[in-house]
Undergrad: 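Structure provided below as structure tokens; questions to follow.
From a predicted model like this one, the values you see are computed outputs, not experimental measurements.
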Amino acid sequence: MFYYASSFEADLCSWDLGSAQNVLLAFVASLKQTFCDCTAQPGYHCVQGLTDKTGTGCSAGQYCTGQRSPARPCTEEVPAGSYCPALTASATGSPCPKGSYCSGGNKPAVACEPGTFQNEPGKPECKPCSEGTFSWHAGSATQDTCQTCSPGSYTDEKGQSECTPCGAG
């Protein structure tokens with residue numbers, strides 16, 4: 001244990017104050033170049049050590065307001081019907097795309113299940129296909145994917161992914 005302490009003391013005592021000052025100045029200059037000279041647009045943020053002055057794209061689940069602001073996690077501020085995809089610039093996220101639903105918060109957009117569709121952006125749930133129709137498509141963005149059951153089959157509930165064959169008689 002004394003070896004490490006005395007070794008550290010020897011290293012510390014042998015430092016040239018001018019060299020230490022130069023290292024510190026170089027570090028501060030690097031920080032200044034990264035953060036003060038950064039021109040990141042909304043959806044991007046500046047990252048220490050990167051020389052790209054336009055910043056790095058914000059990851060999914062985060063939002064970035066641009067310039068020198070850091071990436072921040074999306075939270076409960078994101079309402080139902082919205083989500084935080086990559087390159088989000090707002091704490092309230094972006095509207096959920098057609099063909100999916102969003103429950104808000106830090107949760108991703110989810111594709112509509114077979115038997116459902118969503119033809120409007122920014123919705124917290126998908127719409128079911130009507131009785132007598134079905135859809136086996138996931139992520140449907142139009143009601144046109146809901147097809148009428150063929151003769152000899154039926155659906156007696158909304159939101160079905162297949163038709164049931166009629167019984168004999």
Undergrad: Check the pair Tyr154 / Cys166 against side-chain contact (heavy atoms from CB on, under 4.5 Å), numbers first and verdict last.
TA: CA-CA 7 Å; Tyr154 71 98; Cys166 295; 3.9 Å; yes

Undergrad: Please collect all side chain to side chain donor-acceptor pair (under 3.5 Å) contacts where either partner lies in residues 109-122, sequence neighbours excluded, each pair once.
TA: Asn119-Lys127, Glu120-Lys127

Undergrad: If I compare all heavy atoms of Ser69 with all of His45, which pair ends up nearest, and what's the gap?
TA: O-CB, 3.5 Å

Undergrad: Can you tell me how far the SG atom of Cys84 sits from the CD atom of Glu77, to the nearest 0.5 Å?
TA: 9.5 Å

Undergrad: Look at atom OH of Tyr44 and say whether more than 12 heavy atoms of other residues, nucleotides or ligands are closer to it than 6.0 Å.
TA: no

Undergrad: Does any non-hydrogen side-chain atom of Ser135 lie less than 4.5 Å from one of Pro114?
TA: no

Undergrad: Ignoring hydrogens, what is the shortest heavy-atom contact between Tyr63 and Cys58? Give both atom names and the distance.
TA: C-SG, 3.3 Å

Undergrad: Looking at Thr92, is its backbone amide N or carbonyl O close enough to the side chain of Ser90 to form a donor-acceptor pair, meaning the two atoms are under 3.5 Å apart?
TA: yes

Undergrad: Between His137 and Ser140, which heavy-atom pair has the shortest distance, and what is it?
TA: CB-OG, 3.2 Å

Undergrad: Show me the pairs that pass side chain to side chain donor-acceptor pair (under 3.5 Å) and involve residues 155-164, at least two apart or across chains.
TA: none

Undergrad: To the nearest 0.5 angstrom, please state how far the OG atom of Ser150 sits from the CD atom of Gln147.
TA: 10.0 Å

Undergrad: Go through it in stages, so that I can follow the logic: the residues are Ser82 and Cys102, the test is side-chain contact (heavy atoms from CB on, under 4.5 Å), and I'd like the CA-CA distance, side-chain angles, deciding distance and then a yes or no.
TA: CA-CA 6 Å; Ser82 296; Cys102 299; 5.7 Å; no

Undergrad: Might you point out which heavy atoms bring Cys112 and Phe117 nearest each other, and give the distance in Å?
TA: SG-C, 3.8 Å

Undergrad: Minimum heavy-atom separation for Pro97 to Tyr83, with atom names?
TA: CD-CE2, 3.5 Å

Undergrad: Return the set of residues passing side chain to side chain donor-acceptor pair (under 3.5 Å) with Thr75 (not counting sequence neighbours), or none when no residue passes.
TA: none

Undergrad: What heavy-atom pair brings Val78 and Ala91 nearest, and what distance separates the two atoms?
TA: CG2-O, 3.3 Å

